[in-house]
There are 2 protein chains.
Amino acid sequence: MLNFGAYGCANAEHVGYNAGMTNYPADSVGLVAPQAANFNEPFTLESGIQLPGFELVYETYGELNADGSNAILVCHALTGTHHAAGYHEGSDKPGWWETCIGPGKPIDTNRFFVVSPNNIGGCGGSTGPLSVNPATGKAWGPEFPIVTVKDWVHSQARLMAHLNISQWAAVVGGSLGGMTVLQWAIDLPDKLRHAAIIAAAPKLSAQNIAFNEVARTAIRSDPAFCDGHYREQGSKPQQGLAIARMLGHITYLSDDSMGKKFGRDLRDGKLSFGFDVDFEVESYLRYQGSRFVDRFDANSYLLLTRTLDYFDPAREYGDDLAAACRRIQARCFVASFNKDWRFSSKRSRELVKALLDADRDVSYIDFESRVGHDDFLLNIPQYLESFNAWMEGVR
Amino acid sequence: MLNFGAYGCANAEHVGYNAGMTNYPADSVGLVAPQAANFNEPFTLESGIQLPGFELVYETYGELNADGSNAILVCHALTGTHHAAGYHEGSDKPGWWETCIGPGKPIDTNRFFVVSPNNIGGCGGSTGPLSVNPATGKAWGPEFPIVTVKDWVHSQARLMAHLNISQWAAVVGGSLGGMTVLQWAIDLPDKLRHAAIIAAAPKLSAQNIAFNEVARTAIRSDPAFCDGHYREQGSKPQQGLAIARMLGHITYLSDDSMGKKFGRDLRDGKLSFGFDVDFEVESYLRYQGSRFVDRFDANSYLLLTRTLDYFDPAREYGDDLAAACRRIQARCFVASFNKDWRFSSKRSRELVKALLDADRDVSYIDFESRVGHDDFLLNIPQYLESFNAWMEGVR
């Protein structure tokens with residue numbers, strides 16, 4: 001096991017070179033650092049391909065209790081990482097789910113020991129296209145095999161054993177993270193007592209796949225992509241990756257909220273009669289695209305969109321979602337946002353219906369959207385209070 | 001005036017080398033051929049830039065009556081052309097609005113003389129980026145100025161004079177064509193008696209602009225685009241243009257209809273665990289993208305999406321759409337399709353509300369969608385019958 005540093009501590013005195021932050025908010029887990037665990041046993045993926053082993057980078061928040069019964073697994077979304085809460089040294093940007101994880105928050109670190117791993121196939125530190133393939137001594141790059149949500153579940157089960165956790169009190173996540181929760185509940189039903197599936201869907205629609213395909217085409221047709229060998233070539237498919245991200249951002253916001261946020265506001269107050277930025281929304285998308293290129297790997301993005309496309313837990317149950325749900329033992333919480341058009345409320349209701357057809361224990365709330373799909377990340381009081389109320393029941 | 005050939009005739013005996021077609025359907029205008037009109041007077045665009053003149057390619061169907069009172073102007077959508085009805089010699093593919101134009105159809109060529117021009121700025125034959133700039137003797141390419149819907153209206157008004165038509169019985173169109181109709185009714189209110197605005201919107205939303213911006217970014221960042229000078233360089237931004245088209249096609253179909261058409265059907269019955277086509281919807285999008293590249297010019301596509309972005313007839317009336325509508329004298333027909341998400345029914349109702357606030361004569365129907373935005377092109381009986389009923393009142 002490669003340890004990146006001590007487990008996070010909220011003591012502000014430890015913050016050496018943390019430029020902006022000297023005091024962390026009282027409801028934050030404060031300073032945190034990632035850890036890593038290596039699993040050297042061969043790992044057979046759903047594709048049939050065998051990884052010789054893998055590494056998972058993860059963060060933990062809170063303390064594991066004596067009988068190991070208070071552990072919560074947090075699953076991240078498409079481009080998320082293990083950094084779900086608190087602050088890294090030197091940064092004043094909190095983790096992606098700071099709204100939900102911390103002392104007194106729905107995922108209450110006073111009560112729970114929270115484990116947040118980075119998925120394999122990504123580029124946040126866990127084994128993926130940027131890692132070295134021991135068979136060749138070179139980075140996997142485009143040769144890294146397609147992984148599935150099932151593969152994530154089974155890789156995370158190894159981490160669970162490594163941490164001496166025999167059953168999760170809850171597995172929780174939003175978007176693709178919510179899908180991972182659902183796969184956990186179906187595949188390893190006795191390994192979790194509660195499942196929170198937020199802003200997700202039981203599988204992608206044709207339209208969802210279509211958006212992924214356009215994003216992949218943008219990346220793969222960028223000449224700098226070099227069939228995925230861009231790093232060896234010293235290039236980077238920046239344009240393709242930026243286009244993919246711009247497209248993603250359109251789906252993260254509702255038409256309404258995009259209208260409220262940007263409307264048809266002109267950046268310079270008048271039309272340019274050209275192709276530079278006229279409208280604020282163009283400026284926003286260009287910014288999001290360019291920022292993403294710095295932090296994300298193109299081969300990972302291709303792979304993770306395929307993971308999304310392939311997610312379909314009902315497939316091995318004759319396309320009968322209720323049959324798949326009949327395996328679930330966990331109490332379930334399903335939440336959607338009424339203007340999310342990436343994974344609409346209707347998609348969550350399909351899941352709730354299947355859970356009820358399977359006579360499972362499910363709570364479901366459709367929240368008033370603020371922005372659309374990204375609502376699951378935001379501080380929306382009704383959402384956090386309801387999620388908190390359900391989490392009170394997690395023992 | 002450059003005449004491409006005689007005005008269309010439905011006599012099958014004239015069909016020399018028309019491979020597939022020897023008999024045209026009785027409700028078709030049959031064999032047609034484009035014509036062209038040159039306007040050599042300088043034409044000042046909304047941008048302030050002056051074109052030295054321009055050419056409009058157009059088709060006509062039916063016969064102009066003695067007092068010139070039965071003329072209908074058809075306005076095409078984003079990538080449409082003048083070929084709205086009937087068949088070109090050698091082709092068995094009818095015009096884009098064959099469902100609506102012909103003997104006994106809503107735009108009844110037994111009653112009306114139909115004029116269908118190609119917009120300037122496009123690549124269907126009218127003056128645009130592919131045309132020669134007389135000042136340089138070379139093709140305009142990326143130097144062709146941005147044109148607006150207002151510019152189209154005024155360019156078409158020149159064609160109207162050329163054809164000795166003093167007032168259109170109706171101006172009709174769908175999507176961007178419907179927006180052109182609205183601009184006609186506001187800008188030259190005494191030049192039309194009826195206006196049919198189908199599957200349109202009074203202006204683009206931030207989300208609509210966002211999609212256009214992603215499409216433009218795909219084209220402009222394709223290295224083969226060469227800053228728009230791809231023709232001189234012997235290249236073609238095929239990948240960028242294909243991505244733009246793929247994205248367009250996602251917006252032309254509703255999520256539901258895409259689901260019904262493709263679902264999650266696998267082309268080869270199993271997952272490939274790779275990036276080639278797995279799902280039918282991927283195959284569909286790739287086909288649409290590659291087919292478009294053969295027929296469309298990238299500089300035109302950039303320009304026409306900007307025309308869409310800029311369309312906002314209320315702008316010069318203090319952003320008060322009702323004030324703009326108060327100029328309208330035509331009787332209006334507004335139609336939308338309930339699963340069109342590119343220009344949703346809500347956007348049509350905004351227009352209808354403004355027309356009613358302005359005390360104008362408007363009929364409005366929201367039709368049950370079959371596929372989404374593309375419904376305006378389809379043979380949907382309720383739609384064609386209602387459109388026909390309204391057109392009966394056009395005198």
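First the proteins, then the strands, lettered A, B, ... as listed; each starts at 1. None of these values were measured; they are calculated from a predicted model.
Proximity of A/Trp341 to B/Gln207: side-chain heavy atoms (C-beta onward) are separated by under 4.5 Å at one or more points.
Taking CD of B/Gln239 as the start and CD of A/Gln239 as the end, the distance is 14.0 Å to the nearest 0.5 Å. The CG atom of B/Leu271 sits 10.5 Å away from atom OG of A/Ser47, with the distance rounded to the nearest 0.5 Å.
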Verdict with supporting geometry, B/Met258 and A/Asn208, side-chain contact (heavy atoms from CB on, under 4.5 Å): CA-CA 10 Å; B/Met258 207 175 234; A/Asn208 294 146; over 6 Å; no
Steps toward side-chain contact (heavy atoms from CB on, under 4.5 Å) verdict (A/Leu45, B/Phe273): CA-CA 11 Å; A/Leu45 300 168; B/Phe273 291 95; over 6 Å; no
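Closest approach of A/Ser221 and B/Ile243 over heavy atoms only: OG-CD1, 3.6 Å. The shortest non-hydrogen separation linking B/Ile146 to A/Gly274 is CG1-N, 4.0 Å.
Atom CG of A/Asp227 has 12 or fewer neighbouring heavy atoms from other residues, nucleotides or ligands inside a 6.0 Å radius. The environment of NZ in B/Lys236 is crowded: more than 12 heavy-atom neighbours from other residues, nucleotides or ligands sit within 6.0 Å.
Using a 4.5 Å cut-off between heavy atoms, A/Thr305 makes no contact with chain B at all. Interface remark: B/Lys270 contributes no atoms to any contact with chain A (heavy atom separation under 4.5 Å). Of the two parts of B/Phe211, the backbone and the side chain both hold a non-hydrogen atom closer than 4.5 Å to a non-hydrogen atom of chain A. In this structure, chain A has no heavy atom under 4.5 Å from any part of B/Lys261. Looking at A/Asp256, the atoms closer than 4.5 Å to chain B (heavy atoms on both sides) all sit in the side chain, from C-beta outward. Residue B/Asp309 touches chain A through both its backbone and its side chain, counting heavy-atom pairs closer than 4.5 Å. When heavy atoms are compared at a cutoff of 4.5 Å, B/Arg245 does not approach chain A at all. Only the side chain of B/Leu285 comes within less than 4.5 Å of a heavy atom of chain A; its backbone N, CA, C and O stay farther away. Neither the backbone nor the side chain of B/Asp265 comes within contact range of chain A; no heavy atoms are under 4.5 Å apart.
The most heavy-atom pairs under 4.5 Å with chain A, out of B/Glu46, B/Gln238, B/Lys203, come from B/Lys203. Most heavy-atom pairs under 4.5 Å with chain B: of the set A/Gly48, A/Ser272, A/Ala224, A/Ala206, this distinction falls to A/Ala206. In terms of heavy-atom pairs under 4.5 Å with chain A, the best-connected choice from B/Val281, B/Asp255, B/Val277 is B/Asp255. Of the listed residues B/Ile49, B/Leu303, B/Leu204, the one with more heavy-atom pairs under 4.5 angstrom with chain A than any other is B/Leu204. Most heavy-atom pairs under 4.5 Å with chain A: of the set B/Leu247, B/Val214, B/Asp278, this distinction falls to B/Asp278.
Distance alone, capped at 3.5 Å, places no donor-acceptor pair between the A/Arg264 side chain and the B/Ser205 backbone. Side-chain N or O atoms of B/Arg306 include none that pairs as donor or acceptor with a backbone N or O of A/Phe275 at under 3.5 Å.
A side chain to side chain contact (heavy atoms under 4.5 Å, CB included) with B/Glu282 is found for exactly one of A/Thr217, A/Ile209, A/Asn212, namely A/Ile209.
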